[in-house]
Amino acid sequence: MKIKEAANRLNTTPRTIRFYEEKGLIQPDKGENDYRSYNEHHLWKLQTILSLREVGMSTQQIKHTLQNEEEVECYLNVQRSALYEQWLEIKDMIGTIDQMLDKSTDEGFVKEDIFALADQLKNVKEKRKGWQDQWDFNGQARDYDKSLKMNGYRFNVHEHYEEALEKAVEVVQPKEGEKGVDIGIGTGNLGSQFTPKGACIIGVDQSDEMLSVCKEKHPQIDVRHGHFLALPVMDGEVDFITTSYALHHVTEEEKELALREMDRILKPNGRIAIVDLMFADQHDRECVVGDFKDAGNQEAIFAIEDEYYANRSNLVAWFEQLGYKVHTHSFNNILHMVYAEKQ
DNA sequence: ATTCTGACA
DNA sequence: TGTCAGCA
């Protein structure tokens, strides 16, 4: 059939169909007169393109999706996270406008306040967009579980690993029918411990490969592409949040935003358990790092400087600012848990 | 009458 | 994506 008929059948326009061809998404047959000719297979493909466009995918992304049809789910997952990021950005902008309007007095606007709010907003936007995986988790995914079992030569970051995960499950006390999120789920070692207790788990990770491994190991987990600073979850949607060995991949500055993001998706009376490599406080950090230096343990120093170990005291303070009741627990010098309950 | 390409909004 | 011109 000719282009107009094809367009009519698909509820689109000839211009659009030609445009997709120009972008290399589809190549129809051409007759002697150079007229394009479409068969059922072409129509089916166009239908797919139009559907993906409808959920906001760019023609470039669609091209990739079409090239690996088996991975449509993965591409949709990534697209969802991109939409969540946009949605959050718009929410932030509206919130900022509300605050700007609140600042207006009888005297009119105080420009300095407006400027400050805009600066803040810019800062949050940049943080949300700026996060990058510097550690190649896609590359690590396939043998991540194996690497957990190997002991570091002089610095074992996974000492007390099992114990720490168990502790998180114990304090969260998942109940039947509850919904929880595990952030940076990786291969699912923590998240999967909640489903046997009847909870639904959303597993968030920025690495497609990790999500893929996690889904293979634990099909019952709802894996979602996303990260700490833009969680692919609606406001007040979950009863609890857990995260293990992940928060140290965002900088200290980003951590505060990360906690606010957790607060956003958590229901009232919800709970949060953070298990991670961190120091009790600044003083403790200096002592521990100093000891490693004195011992000439370059491995440890390098590992610590390559990532962003938190000061536990900061996490506690931020949670308390947000009105949470906080408990802490130490497994060793550098492995701690922060447990926070939303009031 | 319909489509095609290319330019421009 | 829509629209328009100039052609075949």
Side-chain angles (χ1 to χ4, degrees), chain A residues 1-98 100-101 114-115 117-119 121-133 138 204 206-208 211-212 222-227 229-235 261 264:
Chain A
M1 78 192 68
K2 297 208 283 276
I3 196 166
K4 192 169 181 187
E5 191 186 345
N8 286 336
R9 292 234 328 230
L10 296 172
N11 263 305
T12 181
T13 63
R15 176 68 179 90
T16 303
I17 297 180
R18 289 194 197 98
F19 177 71
Y20 296 151
E21 183 181 340
E22 188 186 322
K23 296 296 170 191
L25 303 186
I26 186 166
Q27 44 278 313
D29 305 324
K30 281 201 177 187
E32 309 94 60
N33 51 184
D34 261 10
Y35 282 18
R36 293 169 174 79
S37 170
Y38 299 87
N39 58 33
E40 291 303 318
H41 182 256
H42 289 136
L43 285 201
W44 194 83
K45 193 163 181 177
L46 280 167
Q47 185 78 267
T48 310
I49 296 168
L50 288 163
S51 303
L52 296 178
R53 275 296 297 145
E54 207 60 46
V55 293
M57 269 199 205
S58 71
T59 51
Q60 264 308 307
Q61 291 175 121
I62 293 175
K63 190 169 181 178
H64 293 139
T65 311
L66 258 28
Q67 279 161 6
N68 333 267
E69 286 262 16
E70 337 75 55
E71 294 178 52
V72 184
E73 266 185 68
C74 174
Y75 285 99
L76 284 173
N77 208 338
V78 170
Q79 175 61 9
R80 173 174 56 194
S81 71
L83 291 176
Y84 265 104
E85 282 196 29
Q86 289 176 35
W87 175 61
L88 285 170
E89 186 170 333
I90 290 182
K91 264 173 54 112
D92 286 338
M93 292 194 283
I94 293 173
T96 301
I97 289 179
D98 287 342
M100 286 175 170
L101 289 171
I114 304 276
F115 298 162
L117 285 167
D119 269 352
L121 175 61
K122 184 170 185 174
N123 185 267
V124 170
K125 283 185 187 176
E126 283 172 356
K127 277 183 193 159
R128 280 224 164 89
K129 287 185 186 159
W131 192 84
Q132 287 286 323
D133 174 6
N138 279 333
V204 176
Q206 55 78 34
S207 160
D208 300 327
L211 291 179
S212 161
D222 175 7
V223 297
R224 299 193 189 183
H225 188 269
H227 59 86
L229 307 181
L231 298 172
V233 179
M234 297 300 235
D235 298 350
E261 186 56 1
R264 175 181 72 79

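The chains referred to below are lettered A, B, ... by the order of the sequence lines, with proteins before strands, and numbering in each begins at 1.
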Over how many whole Å does the gap from [X] atom [atom1] to [N] atom [atom2] extend?
X: A:Ile3; N: C:dG2; atom1: CD1; atom2: C1'; answer: 14 Å
X: A:Arg18; N: B:dC4; atom1: CZ; atom2: P; answer: 5 Å
X: A:Lys2; N: C:dA8; atom1: NZ; atom2: P; answer: 20 Å
X: A:Arg15; N: B:dG6; atom1: CZ; atom2: P; answer: 11 Å
X: A:Met1; N: B:dT2; atom1: CE; atom2: P; answer: 17 Å
X: A:Glu21; N: B:dC4; atom1: CD; atom2: P; answer: 8 Å
X: A:Lys4; N: B:dC4; atom1: NZ; atom2: P; answer: 12 Å
X: A:Asp29; N: B:dT3; atom1: CG; atom2: C1'; answer: 16 Å

Can you check whether [X] has a side-chain N or O nearer than 4.0 Å to OP1 or OP2 of [N]?
X: A:Thr16; N: C:dT1; value: yes
X: A:Lys30; N: B:dT5; value: yes
X: A:Tyr35; N: C:dA8; value: no
X: A:Arg53; N: C:dT1; value: yes

Residues 17-28 of chain A side chain polar contacts: donor-acceptor under 3.5 Å, at least two apart:
unit_1: A:Glu21; atom_1: OE1; unit_2: A:Arg36; atom_2: NE; d: 2.4

*Confirm from the modelled atom types if A:Arg36 and B:dT3 form a donor-acceptor pair under 3.5 Å, side chain to base only.*
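Check fails, no donor-acceptor contact within cut-off.
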
_Go through it in stages, so that I can follow the logic: the residues are A:Leu121 and A:Leu117, the test is side chain to side chain contact (heavy atoms under 4.5 Å, CB included), and I'd like the CA-CA distance, side-chain angles, deciding distance and then a yes or no._
CA-CA 6 Å; A:Leu121 175 61; A:Leu117 285 167; over 6 Å; no

*asked:* Could you tell me if A:Lys127 and A:Asn123 have a donor-acceptor pair between their side chains, going purely by distance under 3.5 Å?
replied: yes

_I'd like to know whether A:Lys45 forms a salt bridge (charged side-chain N to carboxylate O under 4.0 Å, His left out) with A:Glu69, so could you lay out the CA-CA distance, the side-chain angles of the two residues, the decisive distance to 0.1 Å, and finally the verdict._
CA-CA 11 Å; A:Lys45 193 163 181 177; A:Glu69 286 262 16; over 6 Å; no

*Other residues, nucleotides, ligands: >12 heavy atoms within 6.0 Å of A:Gln132 CD*: no

_Can you tell me if A:Gln67 has over 12 outside heavy atoms packed within less than 6.0 Å of its CD?_
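Yes, CD of A:Gln67 has more than 12 neighbouring heavy atoms, counting only those of other groups under 6.0 Å.
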
*Want to know the stems of DNA chain B: at least 3 consecutive Watson-Crick or G-U pairs with distances under 3.5 Å, which are they?*
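Stem list for DNA chain B: B:4-9 with C:1-6.
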
*Can you check whether A:Lys125's main-chain N or O pairs, donor with acceptor, with A:Asp92's side chain at less than 3.5 Å?*
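No, the answer is negative, given that no donor and acceptor are paired below the 3.5 Å cut-off.
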
